[in-house]
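Presented below is the structure to which this report refers.
Values reported hereafter were calculated over all heavy atoms of this structure, with side chains retained and with hydrogens, waters and symmetry mates removed. Reminder, nothing fancy here: chain letters follow the sequence lines and each chain counts from 1.
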Amino acid sequence: MTKKNELLRTRYRQYIEEQLELALKVRIKPLKRKVRYVAGVDASFPGNYVRAAAVVIDVATFETVDEAVGELPVEHPYVPTLLYLREGPALLKALLSLRRTPDVVLVDGQGILHPRRFGEACYIGVHSGMPVAGVAKSRLAGRHRPVKLKKGLWEPVYVEGELRGAVLCTRDNVKPVYVSPGHLMDLNDALNITLQATGSYRIPEPLRRAHKLAGSSGSSRTGCG
DNA sequence: GCGACAG
DNA sequence: ATCTTGTCGC
């Protein structure tokens, strides 16, 4: 199964070259704007298509202020380090269908905490021009010290000796998440926004709601509000 | 050469 | 991601 991915990676070498080009467009810099509307995007695979959802919340009240979904046929298998080929386009479709443009976006995956500095969050950032951060449930790359399981604490994660992201504990005694900037923000911004958008669960609210919306059924517009 | 490997 | 019931713990 691991060998299969090696074969796919070889077959996908052209996409890797493209990925290296796109990585040059990523801009990591401090976010100046004040954040109020935070969006979360996630996808599910209910068959032969990708079903993506985007949900925007007001971090001041945690109310959902907008949501949208987008579906596209599946065109790629899952290949580690090339996740965006499989679900990126659908995520963008849902994100760009929102009526209210969010200040920042959280993606269910890695930002620059990636072997080639270009995770799914970078893809969404470069293609939307919006500030984006990646929040992954598990590790793809990098080394780090174990994190103390106390909400708000984190440890830096390095790839090739370079600081790329952080392992952040979003709740006491719960498995931490991997946070990294994807575009137009830095690591501090990504950490602050992730914590600001986190409610009573391990996963930040925008992502939890997007995951839920992507999972159930619906058409191709805003759900109800 | 042998593992590891987001969702 | 997806296939799936009950169950241990705060």
Report yes if the side chains of A:Met130 and A:Leu184 come closer than 4.5 Å at any heavy-atom pair, otherwise no. no
B:dC5 phosphate, OP1 or OP2: any side-chain N/O from A:Arg139 under 4.0 angstrom? yes
Phosphate-side-chain proximity, A:Thr81 and B:dA6, N/O vs OP1/OP2 below 4.0 Å: no
Rounded to the nearest angstrom, tell me the gap between atom OH in A:Tyr84 and atom C1' in C:dA1. 19 Å
Do A:Leu20 and A:Leu24 have side chains that get closer than 4.5 Å, going by heavy atoms? no
Measure the distance between the ring centre of A:Tyr78 and the centre of the six-membered base ring of C:dA1, then answer whether it is under 5.5 Å with planes under 30°. no
Short side-chain donor-acceptor distance under 3.5 Å, A:Tyr84 and A:His127: no
Nearest-Å distance for atom pair CG/C1', residues A:Leu113 and B:dC5: 12 Å
Using a 4.0 Å heavy-atom cut-off, does A:Leu82 contact any base of the nucleic acid, only the sugar-phosphate backbone, or nothing at all? base
According to the Watson-Crick and G-U wobble definition with distances under 3.5 Å, which dot-bracket string, read 5' to 3', encodes DNA chain C, using [ ] for crossing pairs and | for pairs with another strand? ..........
Are any non-hydrogen side-chain atoms of A:Pro77 and A:Tyr12 less than 4.5 angstrom apart? yes
Would you mind telling me which of B:dG7, B:dA6, C:dT2 lies closest to the side-chain atoms of A:Arg86? B:dG7
